[in-house]
Structures are given as structure tokens and as C-alpha cells.
K.L.:
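Starting off with a structure, shown below.
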2 protein chains.
Amino acid sequence: MSERLPLERFHCVIPAGGIGSRLWPLSRAAAPKFLHDLTGSGQTLLRETWNRLRPLAEPSNITIVTGKPHQDAVRRQLPDLLVQNLILEETPRDSTAAIALAAAILVRRDADVIIGSFAADHVISDQKAFEKVVCEAVEVAATGKIVTIGIQPTEPSIGFGYIQAGAALAAAETARQVESFVEKPNLETAKAYLSSGNYLWNAGMFIAPAQLLLDVLAETEPALLAQVHELAEAWHTDNQDAVVAEVWPKLKKVAIDYSVAEPAAAKGLVAVVPATFEWHDVGDFAAIAALQSKGREGHLAVLGDAQVLSDQSSGILVGESSRLIALIGMQDVIVVDTPDALLITTKEHAQRVKKIVETLQANGHRDVL
Amino acid sequence: MSERLPLERFHCVIPAGGIGSRLWPLSRAAAPKFLHDLTGSGQTLLRETWNRLRPLAEPSNITIVTGKPHQDAVRRQLPDLLVQNLILEETPRDSTAAIALAAAILVRRDADVIIGSFAADHVISDQKAFEKVVCEAVEVAATGKIVTIGIQPTEPSIGFGYIQAGAALAAAETARQVESFVEKPNLETAKAYLSSGNYLWNAGMFIAPAQLLLDVLAETEPALLAQVHELAEAWHTDNQDAVVAEVWPKLKKVAIDYSVAEPAAAKGLVAVVPATFEWHDVGDFAAIAALQSKGREGHLAVLGDAQVLSDQSSGILVGESSRLIALIGMQDVIVVDTPDALLITTKEHAQRVKKIVETLQANGHRDVL
């Protein structure tokens with residue numbers, strides 16, 4: 001065991017990936033969700049994530065994992081990022097490769113490092129509550145646990161995976177043992193989860209000693225782990241390009257839920273700290289509209305520079321240009337106006353945006369994706 | 001009485017004015033309704049009007065009255081227009097000045113001229129029926145009448161003025177005496193009109209000896225008529241600019257309905273030929289959508305170059321650019337996408353577009369009007 005305080009060992013990892021196809025045409029391959037201001041704060045979600053973590057970690061202890069196409073945008077957003085803390089993925093190989101590579105690189109610098117993984121595109125507004133929950137999670141992680149942060153459900157959502165919480169951990173403030181991770185349920189099951197009080201939303205945040213993650217992978221994905229170590233060994237050396245060219249294309253694509261979270265939970269290695277803060281994954285435009293309207297009925301939220309003339313209209317309007325947009329009698333509408341593509345739908349159909357993107361992909365419309 | 005056949009005396013006048021504010025942002029001051037293709041024919045409404053009249057009149061017998069700002073666009077649309085047949089209005093002074101000036105200019109070239117006035121922005125598809133009705137109207141006009149063309153109502157519309165038809169004219173095929181002109185009625189009155197069978201929609205088309213129109217004006221608007229004659233006398237001479245500068249600003253603004261049609265009807269000078277063709281004034285986007293869908297339910301009409309991806313959507317989409325527009329679950333929607341302004345509404349609210357234009361005017365947004 002390290003003699004340092006747990007928080008002194010803490011290093012944040014922000015995987016900044018995923019296109020967010022339900023947010024098309026705003027979010028797209030060249031300008032994914034985390035590079036947009038979806039809250040009207042004036043900051044991108046990535047920068048907000050960075051700002052949220054800064055009270056918990058110095059820039060030297062925050063690493064970004066992102067795709068090569070986004071490196072310039074990420075550097076512009078985070079001028080205080082250290083060069084050595086930007087890990088560029090040659091191509092997307094899913095979450096296990098991304099997190100394991102960060103863990104393998106960081107453990108070489110600090111064998112006792114505790115890494116915390118936080119998505120680049122979530123919205124959390126209660127900073128104090130966030131810090132308190134993460135601090136407890138780091139404390140529990142230091143006892144040799146993989147610690148997730150579970151969101152208290154406010155409705156029987158079928159859009160999230162759930163964490164089944166078990167007994168309270170001895171000596172912990174609020175942390176509980178994790179019995180299992182369960183995938184997105186149907187509505188009936190989601191209602192049962194909500195009323196039981198023992199199921200929390202899995203927001204994909206976790207904190208754990210890097211070595212513990214690598215130890216779990218040694219059992220579940222030994223070949224992948226060996227490749228990751230080969231990459232980490234060469235990282236930031238003259239060999240990096242050669243090894244990446246050789247190894248990267250072979251990396252298995254597997255979600256960290258399957259390679260680490262679920263197997264570790266089965267072994268009793270996972271804990272959960274229930275979050276006391278509001279959390280939004282702003283996965284579609286209906287979610288953004290809800291976030292913006294803060295429950296006000298009949299509200300039209302406007303993001304971007306559009307000049308809007310609204311006559312009895314509500315919903316959300318995202319305008320990337322400054323042109324005039326007139327809405328008459330449109331209720332719960334979603335309008336996303338970009339230079340080369342315009343989306344018009346309603347909150348009710350927000351989830352079907354993904355289908356449009358799939359159609360565009362199938363039809364070879366890559367220019368607007 | 002002239003010894004020529006009535007049709008040999010016929011000269012068409014096309015007043016091309018009016019912005020069509022219920023068709024904003026497609027139709028606007030710089031690009032009024034008559035300069036757009038609203039039927040998907042590939043032709044502007046102005047050109048379609050010209051083409052419709054050509055079997056009845058040679059280019060030497062078709063005159064356009066339009067505003068100075070539109071002269072270049074009109075010339076591009078009508079390369080076969082004669083220079084002497086383009087009458088440019090210095091500023092808009094309503095329909096009496098426009099028609100009377102044309103009549104005064106034309107009567108100087110041909111004292112027996114019968115002029116027919118046809119709006120530049122209406123849609124009539126049955127060419128043969130149109131020609132037959134106009135020919136009868138010209139015949140009746142030659143007997144010393146002002147002849148309107150009345151549209152058989154298909155519904156109790158409150159959007160049009162009506163023509164009250166009286167007794168059949170002796171020796172005419174279908175023409176009837178006009179008892180009176182009545183303004184846009186309320187719904188109850190419109191229903192009564194429809195069931196009576198004696199009321200026809202006033203489509204604003206009329207045919208009359210030019211001298212007869214001027215004679216009526218001599219009684220109802222003598223001052224205006226004197227100014228119009230002063231202008232006509234100077235027209236196409238070296239004096240034109242000086243007289244226009246002096247006289248034009250003084251011209252009284254009055255609709256020809258009040259200065260000519262109603263007083264002449266009271267004197268028994270007006271006849272009506274009932275139209276047997278379909279007629280559309282395409283005054284708003286709902287009318288265009290109805291025209292395009294031809295009664296098909298759930299149809300999405302597309303005008304312009306937009307690439308459209310429609311998922312369970314209906315209505316009308318007008319796209320001036322070639323960018324991609326995706327619609328999901330939008331019923332009876334109206335989308336008009338122009339470079340500097342975007343309108344989104346539904347057929348139900350099509351009439352309220354005018355209100356948006358008024359708001360923009362009040363707020364000094366002349367750049368998009």
C-alpha cells in the first residue's frame with residue numbers, strides 16, 4: 001500500500017470519443033458532441049468536464065484520450081493540457097483499449113496511480129456534490145476497489161444500464177458493494193428497479209487503481225493487455241509510430257463494461273458511491289431541451305447565434321449561423337440549423353435522429369456526417 | 001364602333017406587383033411572388049402568365065406594368081417582351097394608377113384597343129378553357145362592357161371578394177350582367193353565396209375597351225386621370241423623366257375596384273363570364289401545398305434544389321439551396337429555407353406568416369424583407 005493520501009495518487013482520464021449520432025447534424029464525425037456547447041454556458045462539454053475536475057487534480061494529473069482527427073480541437077479547448085497527457089487513438093478501438101492504454105502509460109509513471117474515468121460529454125452542475133462523491137470514491141478505490149458512481153434514478157428510464165447495489169461497505173461513508181451491472185431494461189423492469197431503491201443508473205464513471213484494472217484485464221483479455229503494454233512501452237519514444245502501425249489495427253474492440261466492470265463485480269471487487277448530484281448525458285435533443293427549459297412549459301430554448309422570431313412555439317432551436325429563423329405555432333419542435341444540413345423534428349421523435357444518420361451512411365452521404 | 005374583330009383589338013396588360021408577404025421568406029421585396037416557380041413547372045409565375053396569354057396575343061400586344069426594382073428580372077424572364085411594352089412604376093401607387101397609365105398609353109397607339117388585365121402570379125392549368133373564356137369576354141367587351149372573369153366557388157371561402165351575377169346577357173354565350181361587387185364575406189355569408197349559385201369569386205381579371213375605363217375614371221377620379229394623361233403624353237419621349245418626377249409622387253393610391261369596378265357595376269356597365277377552369281391565387285404556402293399534393297394525403301411537396309430526407313412527414317418544403325434537409329415525424333409542415341431566413345410553420349398557421357413580416361418591418365429587419 002502507498003503511503004500517500006489517496007487523492008495524491010489521483011489522475012483523471014477523460015475519454016473524448018463517440019460521435020453522438022442522435023445529435024446530428026450538430027454533432028458529427030468532425031465535430032463530436034464533446035466539442036459543442038450544449039448547455040448555453042459558452043463552454044464546450046469537454047472544457048466543462050476539465051473545469052469540473054480541476055479542483056480535484058492539477059493539469060499534470062488530467063489525461064485526454066481522443067481520436068487523431070480531434071487533436072487540434074482538443075488542444076484549442078485545453079491550452080493548459082500537458083503534451084504528455086494527450087493520448088491519441090489511431091482509430092477508435094472501443095473503451096477497453098482506450099482506458100487500458102491510459103492505465104498502462106500512467107502506471108509506468110506512477111505505480112500507485114488511481115485513475116478516474118469521466119466522460120467528456122456529460123453535464124453535472126452541482127460542483128460541490130460532485131467533488132464530495134469523487135473524493136469518497138477515490139478513498140474507497142485506495143482500499144483496492146473499482147468504484148463506480150451511481151446516479152439515483154428519477155424516473156424508470158430504459159435508456160441507461162443499471163448498477164445493482166448491495167450491502168454498505170464497512171468504514172465507507174456512503175459506498176456500497178456492487179452486486180451486478182445490468183443492461184438497459186424494459187419499462188416494467190425499470191419501474192421495479194426504481195421502486196426497489198437498490199438500482200442506480202450507470203453513468204460510466206469509475207475510479208480505480210490503474211494496476212487493479214490491468215490485473216483484471218490480465219485474466220479477461222490477456223492478448224489485448226499484452227498489446228496495450230507493448231504500445232505503452234513505446235509511447236512517447238522514437239518507436240511509437242512503428243509499434244502503433246504494427247499493433248493498433250489488431251486491438252480487439254470491446255467495451256470496458258464486459259472486459260472489466262462485470263467480471264470484477266462478479267468477484268466482489270466493485271463498489272458504488274451513490275451520486276447526490278444531478279447528472280445529464282444530453283444524449284438527444286429532447287434531453288438538451290429539457291435541460292434548457294428547466295421544466296418550464298412552452299419554453300423555446302435557443303443555442304447558438306440564430307436570430308429567432310418565435311410565435312407560439314416551444315422546444316429547442318440550435319442555430320450555427322446568424323440567419324433569421326421564424327417559427328409559427330410549432331410545439332415541442334427540434335430545429336438544428338447548420339451550414340450544410342437542417343434537421344426539423346419534435347421531441348417525441350428525438351431518438352429517431354439516429355435512424356436518419358444510418359440512412360445517410362447507407363446512402364453514401366458521408367459529406368454531412 | 002371599330003370594324004376590326006374584337007380579338008384584333010385585344011391587348012393584354014400584366015400588372016406585376018405586390019410582394020406576397022404571406023409567402024415570406026421566399027417572396028420578398030427584391031424577389032416577389034411572380035418571380036418564383038411556385039408550381040414546380042420550372043417557370044416563374046410571370047413567365048407562365050405570359051405563356052398562357054400568347055395564344056391570344058402576339059408579343060406586340062402584351063404589356064407589363066412593374067416596379068423599377070424588378071425591371072431586370074422581368075427582362076430576363078421575358079426576352080420576347082417589346083421595350084415599348086414595359087411600363088415601369090417609379091413607386092407603387094396601387095392598381096388604378098397602374099392600369100389607367102397602361103390604358104392611357106395604349107389608347108394613344110390604338111383608340112379602339114380592348115385591354116385585358118391579368119395578374120402575374122395566378123395559376124391556371126386548363127389552357128383551352130382559359131382561352132375560350134377570355135375570347136368570350138373580349139367579344140362582350142367589344143359591345144361596350146367592362147367584363148370580369150368570375151370563378152365558380154368550390155368552397156365558402158372568406159379569402160376572396162365576390163361578384164354578384166345577375167341576368168344573362170342577350171346574345172352572349174355564358175356572360176351575365178354584374179349586379180354588384182362584394183368584399184370578403186364572413187363564413188355564414190360565404191356559405192349563403194355558395195348555395196345561391198349567383199356569386200362568383202373575383203379573381204381580379206377584367207377585359208374592357210381602354211377608352212371605357214378612362215371614361216369611368218373621368219367621373220370617379222378626374223384629378224388622377226388628368227395626371228395619368230399627363231404621364232401618358234410624355235411617355236417614351238424626352239420629357240418622360242421630368243414629368244414622372246413632377247407628377248408621380250402626387251398620384252392618388254386607390255384600388256381599381258373602388259375607382260372603376262364598383263361605380264361601373266352600379267351603372268350596369270359590367271358583365272361577368274363564369275370561368276370553367278381551375279384557378280389558384282397561391283396566396284400562401286398552404287395553397288401551394290394543396291396545389292402540389294393534388295389531394296394526396298401525407299404528401300411532402302418539394303420545390304427547389306434541397307436534398308430532402310423525409311421520415312413520416314408531409315406538407316411542403318421550399319429549399320433555395322442544395323443543402324440536406326431532414327424531416328422526422330412532421331405533419332402538414334411548411335419549411336421555407338432561403339440563404340438568410342428560414343421559416344418553419346404548419347399549414348394551419350400559413351396565414352400568420354404575414355404577421356411575422358409585419359413584426360420584422362416594425363423591428364427594422366428590412367434586410368430580410
Side-chain angles (χ1 to χ4, degrees), chain A residues 21-22 24-26 28 284-286 300 306-313 315 317 319-363 365-369, chain B residues 22 24-26 28 284-286 300 306-313 315 317 319-369:
Chain A
S21 56
R22 285 172 300 162
W24 180 89
L26 184 67
R28 41 177 95 187
D284 62 31
F285 288 113
L300 179 72
Q307 304 176 69
V308 180
L309 237 171
S310 168
D311 175 6
Q312 295 179 27
S313 297
L317 192 155
E320 286 199 327
S321 80
S322 61
R323 70 187 185 139
L324 184 76
I325 302 180
L327 302 177
I328 307 175
M330 304 301 295
Q331 297 305 314
D332 287 335
V333 75
I334 293 170
V335 177
V336 186
D337 183 36
T338 75
D340 60 356
L342 168 66
L343 168 73
I344 305 173
T345 185
T346 63
K347 287 189 199 174
E348 185 193 348
H349 301 110
Q351 293 278 327
R352 271 158 67 186
V353 173
K354 195 171 185 165
K355 204 181 123 191
I356 288 278
V357 172
E358 288 162 6
T359 304
L360 289 169
Q361 278 168 338
N363 296 350
H365 261 300
R366 300 223 158 261
D367 49 321
V368 293
L369 293 176
Chain B
R22 285 171 301 162
W24 180 89
L26 184 67
R28 42 177 95 187
D284 63 30
F285 288 112
L300 179 72
Q307 304 176 70
V308 179
L309 236 171
S310 168
D311 175 5
Q312 297 181 25
S313 297
L317 192 155
E320 287 199 327
S321 80
S322 62
R323 69 186 184 140
L324 184 76
I325 302 179
L327 302 177
I328 308 175
M330 304 301 295
Q331 298 305 314
D332 287 335
V333 75
I334 293 169
V335 177
V336 186
D337 183 37
T338 76
D340 60 356
L342 168 66
L343 168 73
I344 305 173
T345 185
T346 64
K347 287 188 199 172
E348 183 192 349
H349 301 111
Q351 294 277 330
R352 270 159 66 189
V353 173
K354 195 170 186 167
K355 204 180 120 191
I356 288 277
V357 172
E358 288 162 4
T359 303
L360 289 170
Q361 278 168 338
N363 296 349
H365 261 298
R366 300 225 159 260
D367 49 322
V368 294
L369 293 177

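Chain letters run A, B, ... following the sequence lines, proteins first and then strands; every chain starts at 1.
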K.L.:
In terms of heavy-atom pairs under 4.5 Å with chain A, which of B:Asn363, B:Asp367, B:Leu360, B:Val333 leads?
P.N.:
B:Leu360
K.L.:
Could you check which of B:Leu327, B:Asp311, B:Val368 has the highest count of heavy-atom pairs closer than 4.5 Å to chain A?
P.N.:
B:Asp311
K.L.:
Looking only at heavy atoms and a cut-off of under 4.5 Å, which of A:Ile334, A:Ile325, A:Val353, A:Thr345 has the most pairs with chain B?
P.N.:
A:Thr345
K.L.:
Write down the atom of B:Leu343, the atom of B:Trp24, and the distance for their closest heavy-atom approach.
P.N.:
CD2-O, 3.5 Å
K.L.:
Between B:Gln331 (side chain) and B:Gln312 (backbone), is there a donor-acceptor pair under 3.5 Å?
P.N.:
yes
K.L.:
For B:Val336, is it the side chain, the backbone, both or neither that has a heavy atom under 4.5 Å from a heavy atom of chain A?
P.N.:
neither
K.L.:
Write down the atom of A:Ala350, the atom of A:Phe285, and the distance for their closest heavy-atom approach.
P.N.:
CB-N, 4.5 Å
K.L.:
Do you know the tightest heavy-atom contact between B:Thr338 and B:Pro25?
P.N.:
CG2-O, 3.6 Å
K.L.:
To check you understand the geometry: which heavy-atom pair defines the closest contact between A:Leu369 and A:Arg28, and what is its length?
P.N.:
C-CB, 3.4 Å
K.L.:
Which one, A:His349, A:Arg352, A:Met330, A:Gln307, leads in non-hydrogen pairs under 4.5 Å with chain B?
P.N.:
A:Arg352
K.L.:
How close do B:Pro339 and B:Glu320 get, heavy atom to heavy atom, and via which atoms?
P.N.:
CD-OE1, 3.3 Å
K.L.:
Identify which part of A:Glu348 has an atom lying under 4.5 Å from any heavy atom of chain B, answering side chain, backbone, both or neither.
P.N.:
neither
K.L.:
At a heavy-atom separation under 4.5 Å, does A:Thr359 approach chain B through its side chain, its backbone, both, or neither?
P.N.:
side chain
